[in-house]
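We count ligands from 1, going down the list as the structure has it; atoms in each ligand are counted the same way.
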Amino acid sequence: MNGGFELTEENIERWLRCEDASVLEKLWNEADRVRRENVGDEIHLRGLVEFSNHCERSCLYCGIRRENSKLERYIMPIEEILACARDALSFGYRTVVLQAGESPARIEEEYVSEVVRRIKDEVDVAVTLSLGERTPEELESWRKAGADRYLLRIETSDLELFSRIHPGRDRRLRTRLLDVLRELGYEVGTGIMIGIPGQSYRSIAHDILFFRKKDVDMIGVGPFIAHPDTPLGREEVVKRFLLDEGEQVPPTEEMTYKVLALCRIACPEANIPSTTALATLNLARGRELGLQRGANVVMPNLTPTSYRKLYEIYPSKACIRESAGEYSVCIRDRIRSIGRPMGTDHGDRRRRRKSGPGRTEDETS
Ligand code: SAH
């Protein structure tokens, strides 16, 4: 037997419910071992550019939802985005993640194509897009323009909960889009929030098994953080969502590490970030602990500080005031403190050759 690391639904749920520190130590060690053996010690840095907060969606948890009229809306001019990409390279980040709200009207297909083309022509970085549910045609244009990867979290695999927190949306569209992305040749990333009101242990077990089934290339998991200017930031709404104690997953730091570690064991070769949301819960050690419990990626923020406060998807995001340069120094120090090297290439998913029973080396080449 392998100490419960065979990831059945029951075992996953058992780990998620485990609160014994000495038993959890085994989970952290196993995740760290699997990470080292499959993706090595290098930590890849992905510079995040939150280039627009325009959004037409009403996601119940998100601070930039369309109903939040307190926010001034922006879209960064192309030259400013390019300047961020050049900054990224100068800080040694080999990937730029372009993230924004979901707004086909304000964040036009052609504009994004132009941004991607210019970055790929002028700066030697990989480009990841994270622009929500866009059409297969748009995804294809961006791939042709040179985009390498796409992040689209499923947020939860629970169909009913998904529709409740994303009014008018169906989670199955996201599954379809993940398949489209794969067919278009993108590296495909997804993920969930942990501790959404209404989210059960069983549903997180399903999420993790979903990641494994889809053999996703990147997995982002972070705690749900209530934003006061959203429905899920209001107690009377949350009360209607919460499950009974014992069923409801708490949005805690420890729960996030458990999910992160289990994701690593489920998808050994995936790139998994230690997220900003985690650093927000524990500014002193959150990022480092994530990296020691399965993660191998960090996403420092490159968004110019003047825009950053307008992109508060959740409140008190870690490092919201640091400039991109200060952020870069801080991240390097933190990575050095845990004795891991920084990746120097684009940090693509490395697909390992499988040479187990029934497969020969030649079959995969
Ligand atoms: N519009 C894009 C990008 C969304 S922001 C999209 O829909 O894909 C990226 C991620 O931030 C989301 O996928 C969500 O998981 C996370 N997020 C949003 N609001 C949050 C909150 N209140 N707490 C924690 N994470 C949140």
Asp124, Asp345, Thr344 screened by side-chain hydrogen bond (donor to acceptor under 3.5 Å, both in side chains) with Arg94, the one that passes: Asp124
Ring-face cation contact, Tyr257 with Arg293, 6.0 Å cut, 45° max: yes
Value rounded to 0.5 Å, distance of CE in Met76 from OH in Tyr111: 8.0 Å
Within 45° cone and under 6.0 Å: Arg164 NZ/CZ vs Phe241 ring: yes
Dump the pairs for me: ligand 1 N or O, protein N or O, distance under 3.5 Å, to 0.1 Å.
residue  : atom   : partner : partner atom : Å
ligand 1 : 1 (N)  : Ala100  : O            : 2.9
ligand 1 : 13 (O) : Glu155  : OE2          : 2.6
ligand 1 : 15 (O) : Arg153  : NH1          : 2.8
ligand 1 : 15 (O) : Glu155  : OE1          : 2.6
ligand 1 : 15 (O) : Glu155  : OE2          : 3.3
ligand 1 : 22 (N) : Tyr61   : O            : 3.0
ligand 1 : 22 (N) : Ile225  : O            : 2.7
ligand 1 : 23 (N) : Ile225  : N            : 2.9
ligand 1 : 23 (N) : Ile225  : O            : 3.4

Distance-only criterion, 3.5 Å: show the donor-acceptor pairs between side-chain atoms of residues 45-56 and protein atoms not counting sequence neighbours.
residue : atom : partner : partner atom : Å
Arg46   : NH1  : Thr95   : OG1          : 3.3
Arg46   : NH1  : His346  : O            : 2.9
Arg46   : NH1  : Gly347  : O            : 3.4
Arg46   : NH2  : Gly347  : O            : 2.9
Glu50   : OE1  : Asn301  : ND2          : 3.3
Glu50   : OE1  : Thr303  : OG1          : 3.0
Glu50   : OE2  : Asn301  : ND2          : 3.4
Glu50   : OE2  : Lys317  : NZ           : 2.7
Ser52   : OG   : His54   : N            : 3.1
Ser52   : OG   : Tyr74   : O            : 2.8
Asn53   : OD1  : Tyr74   : N            : 2.8
Asn53   : ND2  : Glu72   : O            : 3.0
Asn53   : ND2  : Leu310  : O            : 2.9
Glu56   : OE2  : Ser103  : OG           : 2.9
Glu56   : OE2  : Ala105  : N            : 3.4

Atom of Gln248, atom of Gly198 and distance for their closest heavy-atom approach: OE1-N, 2.8 Å
